[in-house]
Amino acid sequence: AHVRMSVVRRCADRAILDLRQDNGRVRVVSLGAGLDGECLRLATKFEWVDCVEVDLASVVEQKRELVGHAVLSVDEDLNNLEALGDTGPTLILAEVSLCYAAPDAALKARRWASSLKRACYLELTPTSNADSRFGLALQSGFGTLLRCAPRDAEAMATTLRLSGFAHSSA
């Protein structure tokens, strides 16, 4: 878990700094964050960050009691993402959550993310690649889940490219 958190935090911090223009605000949209506190960390660290968390209704009810930023409900098909609009520089965090979504819903989320004019998309997916320290850490952290539903890095890059992210690579 520490390796995952370190990677996500480093990538998110860098993306936010890269997205910021002319002392303006940056929006962070976290897809399926559950009770994770990354949005809260980012909003605390960077006073010019606005966070929006998107999750299923049962999680949203719990999360709204814990945080002061926007927490929006979506259905399992992720039908309401377009309602978020394109309000400027946006970092989209999708940590593992799209692995649980139906393929059509995950594709819809990736297409929405690629439609934004100025955005950075960070999707962390489980891997079964034991050749990397990150893969080994994820395997130990996700255990049985990884053995049941491994994700191939090349297949993920292909999916992202087909979703509109021409710069994706494995």
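The analysis underlying the following values was restricted to heavy atoms, covering all of them including side chains, and did not include hydrogens, waters or symmetry mates.
- In this structure the side chain of T90 never reaches within 4.5 angstrom of the side chain of L19, judged on heavy atoms.
- The two residues L78 and A109 make their nearest non-hydrogen contact at CD1-CB, 3.8 Å.
- Of the inter-residue distances, the one linking R41 atom CZ with D36 atom CG reads 9.5 Å to the nearest 0.5 angstrom.
- Between L72 and L84 the shortest side-chain heavy-atom distance falls below 4.5 Å.
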### Query
What do the steps show when you test E76 against L56 for side chain to side chain contact (heavy atoms under 4.5 Å, CB included), and what is the final call?
CA-CA 7 Å; E76 290 183 6; L56 300 176; 3.9 Å; yes
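- Residues V52 and L66 do not share a hydrophobic cluster, clusters being chains of Ile/Leu/Val/Met/Phe/Trp/Tyr side chains in contact below 4.5 Å.
- Electrostatic pairing of K63 and D55 does not count as a salt bridge here, judged by no charged N lying under 4.0 Å from a carboxylate O.
- Atom SG in C51 sits 8.5 Å away from atom CD in E38 (nearest 0.5 Å).
- Separating the CD atom in E53 from the CG atom in L35 is a distance of 9.0 Å, to the nearest 0.5 Å.
- Using a cut-off of 4.0 Å between Lys/Arg side-chain N and Asp/Glu carboxylate O, R27 and D50 are scored as not salt-bridged.
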### Task
For salt bridge (Lys or Arg N to Asp or Glu O under 4.0 Å), just list the numbers for D77 and K108, CA-CA rounded to whole Å, side-chain angles, deciding distance to a tenth of an Å, and then say yes or no.
CA-CA 8 Å; D77 294 325; K108 187 182 298 182; over 6 Å; no
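- When hydrophobic clusters are built by joining Ile, Leu, Val, Met, Phe, Trp and Tyr residues whose side-chain heavy atoms come closer than 4.5 Å, directly or via intermediates, V67 is not grouped with L42.
- Checked by atom type and distance alone, the side chain of R14 never pairs as donor or acceptor with a backbone atom of R9 at under 3.5 Å.
- A distance of 11.0 Å separates OG1 of T87 from NZ of K117, quoted to the nearest 0.5 Å.
- If you take CZ on R118 and CG on D86, they are separated by 11.5 Å, rounding to the nearest 0.5 Å.
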### Message
The test is side chain to side chain contact (heavy atoms under 4.5 Å, CB included); show your working for N79 and V74 and say whether it passes.
### Response
CA-CA 7 Å; N79 285 318; V74 291; over 6 Å; no
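- The heavy-atom pair separating V59 from G34 by the smallest distance is CG1-CA, 3.6 Å.
- Counting all heavy atoms, side chain and backbone alike, C11 lies closest to L122 at CB-CD2, 3.9 Å.
- Considering all non-hydrogen atoms of both residues, W112 and I92 come closest at CZ3-CG1, 3.8 Å.
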### Worked verdict on L93 versus L31 for side chain to side chain contact (heavy atoms under 4.5 Å, CB included)
CA-CA 6 Å; L93 296 174; L31 302 176; over 6 Å; no
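- Applying the ring pair (Phe, Tyr, Trp, His ring centres under 6.0 Å) test to every pair with at least one member in residues 6-35, sequence neighbours left out, gives no pairs at all.
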### Message
Please evaluate residues R20 and N23 with respect to the criterion side chain to side chain contact (heavy atoms under 4.5 Å, CB included), reporting the C-alpha separation (whole Å), side-chain torsions for both, the decisive distance (0.1 Å), and the verdict.
### Response
CA-CA 7 Å; R20 191 168 190 213; N23 295 323; 3.8 Å; yes
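- Both Y121 and L116 belong to a common hydrophobic cluster when Ile, Leu, Val, Met, Phe, Trp and Tyr are linked at side-chain heavy-atom distances under 4.5 angstrom.
- Sorted by first then second residue, the ring pair (Phe, Tyr, Trp, His ring centres under 6.0 Å) pairs that include residues 43-63, not counting sequence neighbours, are F46-W48.
- Between L40 and H69, the shortest heavy-atom contact is N-CE1, 3.9 Å.
- Between atom OG of residue S114 and atom CG of residue L107 there is a gap of 9.0 Å, rounded to the nearest 0.5 Å.
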